[in-house]
Amino acid sequence: MAFLLVLFCVFLSTTSTRNLASSKEVPFSPHDNYLVNCGSPTMTTLSDERTFRSDRQAASFLSSKDDILVAISSTKDVPNPLYLTARIFVQQATYNFKMTRPGWVWIRLHFYPINNDQFDLRNSVFSVSTEEVVLLHNFSVNNETKVVVKEYLLNVTTPLLYLKFTPMKHSAAFINAIEVVSAPDGLISDVGSTLFPVGDFSGLSNRAYQTLYRINVGGPIITPQNDTIGRTWESDDMYLQSRALAKNVSVSPSIINYPAGLSPLIAPNWVYASAVEMADAIEKPNFNITWKFDTDPAFDYLIRMHFCDIVSKSLNDLYFNVYINGKMAISGLDLSTITSNLAVPYYKDFVVNASLISDQLIVQIGPMNQNPGAVNAILNGLEVLKMSSSVGSLDGEFGVEGTDMGASKSNKGAVAAVGFAMMFGAFVGLGAMVIKWYKRPKDWEKKNSFSSWLLPLHAGHSTLMTSKNSMGSHRSNFYSSTLGLGRYFSFSELQEATGNFDQNAVIGVGGFGNVYLGHLDDGTKVAVKRGNPQSEQGITEFQTEIQMLSKLRHRHLVSLIGYCDENSEMILVYEYMSNGPLRDHLYGKNLPPLSWKQRLEICIGAARGLHYLHTGAAQGIIHRDVKTTNILLDENFIAKMADFGLSKNAPTMEQTHVSTAVKGSFGYLDPEYFRRQQLTDKSDVYSFGVVLLEALCARPAINPALPREQVNLAEWAMQWKKKGLLDKIIDPHLVGAINPESMKKFAEAAEKCLAEHGVDRPTMGDVLWNLEYALQLQEASSQGKLEEENKAEAATTTTSSSAGVVVAPTAIAPVNSSTPDNPQVVEANSAPAQVHAIDEHSGTTMFSQFAEINGR
Ligand SMILES: *[C@@H]1O[C@H](CO)[C@@H](O)[C@H](O)[C@H]1NC(C)=O
Ligand SMILES: *[C@@H]1O[C@H](CO)[C@@H](O)[C@H](O)[C@H]1NC(C)=O
Ligand SMILES: *[C@@H]1O[C@H](CO)[C@@H](O)[C@H](O)[C@H]1NC(C)=O
Ligand SMILES: *[C@@H]1O[C@H](CO)[C@@H](O)[C@H](O)[C@H]1NC(C)=O
Ligand SMILES: *[C@@H]1O[C@H](CO)[C@@H](O)[C@H](O)[C@H]1NC(C)=O
Ligand SMILES: *[C@@H]1O[C@H](CO)[C@@H](O)[C@H](O)[C@H]1NC(C)=O
Ligand SMILES: *[C@@H]1O[C@H](CO)[C@@H](O)[C@H](O)[C@H]1NC(C)=O
């Protein structure tokens, strides 16, 4: 009677453990499948036919401040080409993967300590975490030269999956290859059986797992090629105790007959087609077969056992016991009753509480006492998964929050919000944003409330967080040593000029401080920018601005007249731009509308300024905050670029990009820069594309008040452009006054600027050329009209006579210094950064590669 009850219980729990939808061998195709060979110059196809992309290609999802690529050339010592290259991080670095839908995801991390002359990777210590779970803490390969692969299974519920690599102090992190691959939904059900006390444990779908052991008992290793979902199953050789007691048995995999609700996704037929059974059971009828595994007693484990009766000659002949750590797990397992047939797979999940585990996990099978049938016991497969602890860790006692492994909670929320915003294109947001991936100062949260992330739309200067790292940290004398700052002003002189910094004289506001209109003694009007010494980011921006301006002189850049550093003031004095920001003349201020020609000339001026920044200055400079409020107009409506507070030196020829925290303004932000945090001058080109659309359509880059599809100007206008109907949404003031050819050229330039990938965007020089051309077309047509009106005879000139000087795009001058942030970069992305890329063909190739990695 008791026996029957046990059977009944087993049967009940069986039904709950099998819930894969189909028994058909439909090949599983993962929604997300990222295979990345880190640091590899090319893609790599393994012998199991899986192709790993390089993280140096366009589809890279890496963001790091410092990374070093190392490689070995010999394939002799490594099992496959994934281990020929590695990426080394000396600061926290993040890979991010876009997930198409929530669910189970495998993460596999491949480590092989490549011998190199920079770091002894065999002894480097680091941590790896996602936003929610610590995967590895204080990890090293323990001074051994061997391949280590770690596999995790996570229920990912956010649209971006982050993998953060954090080196321990005085060490470096490294990675050779990463797999992020969707797993079938039914792979792990929510409920497993507990042993002590016997019962059910629910909540498995909220845990994260690390695969510690996955074993094809009694059979050979199964490689990813032979597993429907790319798993590796090892042989049980290493874990089997008293080998003489065990005997291998195997059958042809083709006879394995999956029942309804169980498919090869749970385990391939190769697993069920081999088993270990009792050797010499007739002579010595009573013993157990034992396997032992090293485990960490601080964690709970999910243990999945696979059974399939491939040894019996007939049904109802095999009954045996299964033990875990000396406790009865299944008493009198009767596969015949459960599966109703031979060679039918069955599996059962056990949740083993840490309290049951010493530092070893012991699995045993043995015959049942008073066995009615044959004396035997079998096991076909075994999986041991470590379960994440209550604080969200799979290694060590701390969760993501409890360590210095990165984002604080508020940061996490913000990043997620921004992630969604970028992905779904409709952030109902305010002025400026920043995402900071790197370690914050400890008191960050105290000092910066969430509100400081969001600025008034019309701020003259964006307030943005800046890390404490950068240039010259001593406020007192940081620019007295800098040359080229122009005239020195005394504080009293500026007090007088601004009416003692009168609120009514304020013409701009930012996190940096206020900008005042000043009247000098000689009647000259100046703009006086007074830094707020309380503002940390203000100081950094102030310093950056000074460093930049001290080496820049150009007709289309706002020029510095002088400065004042008396009484630890931080004041810069600029030429006054009496017509203010371009934006005010486009919308919102009821100023007289600019003509199309004026808009073209202003855009051309701004483009010249940017072109100079990118190519002409002593070093290439990336503005990083190109927008219509940073294009100022003087009394003659000559456009000048302003606000260099966020600017950065462009990457060197070898570098191709600067890795940096993302900064900029909503609506103008280069999506590629956002994704990869790798800054190039093409990020400015993207933002400039938005400026062009603003000039054409006379509306803000982001207008949260509009219907969702219209909120983001760049997206909305490009939709209309694709339909060939862009003229339907232009500024009504331009309708009829704009030459269609000129507008077409202009819109094409904007579209190219907004290309998804930086390499597909033109240089500022190319943009300039196109704008000049658009101006020529406009002037030719208005001249034509004039001539018609005057009934003049023959036009003596063609378009060229009426146009301004056409500046041919100049080649970008090589820049040779490494940026202060990146002294460590030995080698980086080898793709050419400065492709004059309007080559449609190369663009397509790039895009298809990208589509491929995403779509697989
Ligand atoms: C990392 O591990 C080493 C020994 O393996 C230990 O001495 C050290 O305290 C650990 N550090 C942390 C932060 O856990
Ligand atoms: C690493 O192993 C080598 C020998 O393989 C040994 O000479 C060296 O001392 C070890 N280093 C550490 C830090 O244990
Ligand atoms: C993942 O977790 C969420 C909530 O934690 C749950 O609703 C969902 O069913 C889980 N997904 C799977 C595949 O178990
Ligand atoms: C069972 O087969 C595997 C793989 O073929 C082998 O490694 C192992 O030694 C065998 N075990 C026994 C007990 O013979
Ligand atoms: C793996 O598959 C190949 C080809 O399908 C087959 O020859 C090989 O025996 C299989 N090995 C295992 C362990 O399943
Ligand atoms: C098999 O192992 C279980 C649990 O460790 C133990 O209780 C039982 O006595 C063992 N059976 C034999 C025959 O050794
Ligand atoms: C393990 O046991 C402890 C206390 O006995 C309990 O709080 C915890 O929930 C158990 N964990 C699992 C996975 O059953």
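Atoms within a ligand are numbered from 1 in the order they appear, just like the ligands themselves.
- Near Asn206, meaning under 4.0 Å from any of its heavy atoms, are these atoms of ligand 3: 2 (O), 4 (C), 5 (O).
- Checking Asp349 against Tyr347 by side-chain atom types alone, no donor-acceptor pair falls below 3.5 Å.
- There is a protein heavy atom closer than 4.0 angstrom to atom 11 (N) of ligand 6.
- Of all the atoms in ligand 6, the ones that sit under 4.0 Å from a non-hydrogen atom of Asn286 are 13 (C).
- Under the 6.0 Å cut-off for aromatic ring centres, Phe111 and Phe139 qualify, their centroids lying closer than that.
- For Asn176 (side chain) and Tyr112 (main-chain N/O), a donor-acceptor pair under 3.5 Å exists by modelled atom type.
- Note: Phe293 and Tyr213 have tilted aromatic rings, judged against thresholds of 30 and 60 degrees for the angle between ring planes.
- Looking from atom 7 (O) of ligand 6 to the surrounding protein, the closest heavy atom is Tyr323 CE2, 4.4 Å.
- Residue Arg122 has no N or O atom closer than 3.5 Å to an N or O atom of ligand 2.
- The shortest N or O to N or O distance between Asn155 and ligand 3 is under 3.5 Å.
- Aromatic ring pairs are classed by plane angle as parallel below 30°, tilted from 30° to 60° and perpendicular above 60°; the pair His31 and Phe28 is perpendicular.
- Summarising the contacts of atom 3 (C) of ligand 6 with Asn288, Asn321, Ile362, the nearest heavy atom is found in Asn288.
- Ring planes of Phe52 and His110: perpendicular class, angle over 60° (limits at 30 and 60°).
- Atoms of ligand 3 lying under 4.0 Å from any heavy atom of Ser205, numbered from 1 in the order shown and given with element: 1 (C), 2 (O), 14 (O).
- With respect to Asp32 and Lys98, no salt bridge is recorded, no charged nitrogen being found less than 4.0 Å from a carboxylate O.
- Considering backbone and side-chain N/O of Asp185, none are found under 3.5 Å from N/O of ligand 3.
- In terms of polar-atom proximity, defined here as any N/O pair under 3.5 Å, Lys327 makes no such contact with ligand 6.
- Looking only at heavy atoms of the protein, atom 13 (C) of ligand 2 is closest to Asn123 ND2, 3.8 Å.
- In this structure, Lys327 is not positioned above the aromatic face of Tyr323 in the sense of NZ or CZ being under 6.0 Å from the six-membered ring centre and within 45° of the axis.
- Listed by atom number, the atoms of ligand 2 under 4.0 Å from Asn143 heavy atoms are 1 (C), 2 (O), 3 (C), 8 (C), 10 (C), 11 (N), 12 (C), 14 (O).
- No side-chain donor from either of Lys164 and Thr130 sits under 3.5 Å from a side-chain acceptor of the other.
- The protein heavy-atom contact nearest to atom 5 (O) of ligand 6 is Gln364 OE1, 2.8 Å.
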